[in-house]
Amino acid sequence: MKVIATDYAAGMVEEARRRAQALNLQNMSFEVADATNLQQFADGTFDGISCASGLFLFPDQPRALQEFKRVLKSEGFLVVSVWGLPEETDCARLVGGVNQQLLSSPGTSSQERNKPLVPTLGNREHFQSLLEQGGFDQLSIRQFNCVFDMQIDDMLGNPMCLGTIEQLQAQGKSNARQLVSAAITAAARLQGFLKPDGGLLFPRNVAIIAEMQART
């Protein structure tokens, strides 16, 4: 089996490559790709596609689903996971607040400041409807809770944190990683997610996972 890992951000692709090398995974390749325009892949290339915690970040979700269907083989499988509503996701909600705090500036518009802190596709029904409109038939859709017990360094490897670090670095802040780490620690302490040993514990993180098949 061959696996091609893609992301829109070059930094995320390099992080995935680094982790695969650390695990000595030999069957993987890595590419920067736009999910809404997978031009480097021919029709019917893949037996299956997995999109983990990414669909809600795409600017044109229906277009991305059309591309998924195009590059899948006939009756190929799509597995997509998203977070639930903001009030159901302790970890993503905290990171969203930290990102907004660090990236907002005095000149930030009220529209930007009032953007949702946590990207979401809404509830389970809306998520399912979007996938079906994209040309996929439901096989199963599950919702469950994840408890996250992690260290600050683990959190900094989260895509939402990596994106903020890269944006701060682009602004000339060489201590971007330290800024994000300090902000996460302060927010976790305030919200009751900081453990005595300095780790993080997020008890409520609702995930929705859908397994779909391309409609012929």
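For clarity, every value in this text was computed on a predicted model and none was experimentally measured.
- V82 and M12 end up in different hydrophobic clusters when Ile, Leu, Val, Met, Phe, Trp and Tyr side chains are linked at under 4.5 Å.
- Rounded to the nearest 0.5 angstrom, L168 CG and R177 CZ are separated by 13.0 Å.
- The shortest distance between side-chain heavy atoms of D60 and P62 falls below 4.5 Å.
- Using a 4.5 Å heavy-atom threshold, the side chains of V147 and L201 count as touching.
- Between atom CG of residue L72 and atom CZ of residue F41 there is a gap of 12.0 Å, rounded to the nearest 0.5 Å.
- Aromatic rings of W83 and F202 (six-membered ring for Trp) have centroids beyond the 6.0 Å cut-off, not under it.
- The aromatic rings of F58 and F68 stand perpendicular to each other, their planes meeting at an angle above 60°, with 30° marking the opposite boundary.
- The minimum heavy-atom distance between M28 and L25, with the atom names listed, is SD-CD1, 3.6 Å.
- The CG atom of L156 lies 9.0 Å from the CD atom of Q178; values are rounded to the nearest 0.5 Å.
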**Request:** Could you check L103 against Q171 for side chain to side chain contact (heavy atoms under 4.5 Å, CB included), going step by step and ending with a plain yes or no?
**Result:** CA-CA 10 Å; L103 297 176; Q171 295 173 10; 4.2 Å; yes
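- The closest side-chain heavy-atom distance from F136 to K69 is below 4.5 Å.
- Under the rule for a side-chain contact (heavy atoms from CB on, under 4.5 Å), the partners of D154 that lie at least two apart in sequence or sit in another chain are M150, Q151.
- Using a cutoff of 4.0 Å between basic side-chain nitrogens and carboxylate oxygens, K73 and D47 are scored as salt-bridged.
- Nearest heavy atom pair, residue L94 against residue A187, reads CD1-C, 3.8 Å.
- The two residues V95 and C161 have their closest heavy-atom pair at CG1-SG, 3.8 Å.
- With sequence neighbours left out, R70 forms a side-chain contact (heavy atoms from CB on, under 4.5 Å) with L38, D43, E67.
- Inter-residue side-chain proximity for I209 and F144 is flagged as met; some heavy-atom pair is nearer than 4.5 Å.
- Looking at L65 and Q133, their side chains never come closer than 4.5 Å, going by heavy atoms from C-beta outward.
- By the rule that hydrophobic residues join a cluster once side-chain heavy atoms approach within less than 4.5 Å of another member, M1 and I4 end up as members of separate clusters.
- Between F193 and P203 there is a side-chain heavy-atom pair separated by less than 4.5 Å.
- Taking the side chain as every heavy atom from C-beta outward, V32 and D7 never approach each other to under 4.5 Å.
- Counting heavy atoms from C-beta on, the side chains of I141 and I208 come closer than 4.5 Å.
- A single hydrophobic cluster is seen to contain both I152 and L102, as judged by linkage of ILVMFWY side chains at heavy-atom distances under 4.5 Å, directly or through other members.
- Placement of L85 and V206 in two distinct hydrophobic clusters is found when ILVMFWY residues are connected by side-chain heavy-atom separations under 4.5 Å, directly or transitively.
- Distance CG/L131 to NE2/H126: 9.5 Å, rounded to 0.5 Å.
- R204 has no carboxylate O lying under 4.0 Å from a charged side-chain N of E87, or vice versa, which leaves the two without a salt bridge.
- For the residue pair E125/S129, the side-chain donor-acceptor check at 3.5 Å is not satisfied.
- The nearest pair of heavy atoms linking C91 to M155 is SG-CE, 3.5 Å.
- Atoms OG and NZ, on S29 and K2 in that order, are 4.5 Å from each other to the nearest 0.5 Å.
- Residues E166 and G11 come closest through the heavy atom pair OE2-CA, 3.4 Å.
- Both L194 and F148 sit in one connected hydrophobic cluster of ILVMFWY residues. Membership requires side-chain heavy atoms under 4.5 Å apart, directly or through other members.
- Separating the OG atom in S81 from the CG atom in L55 is a distance of 9.5 Å, to the nearest 0.5 Å.
- Considering all non-hydrogen atoms of both residues, T89 and G84 come closest at CG2-N, 3.8 Å.
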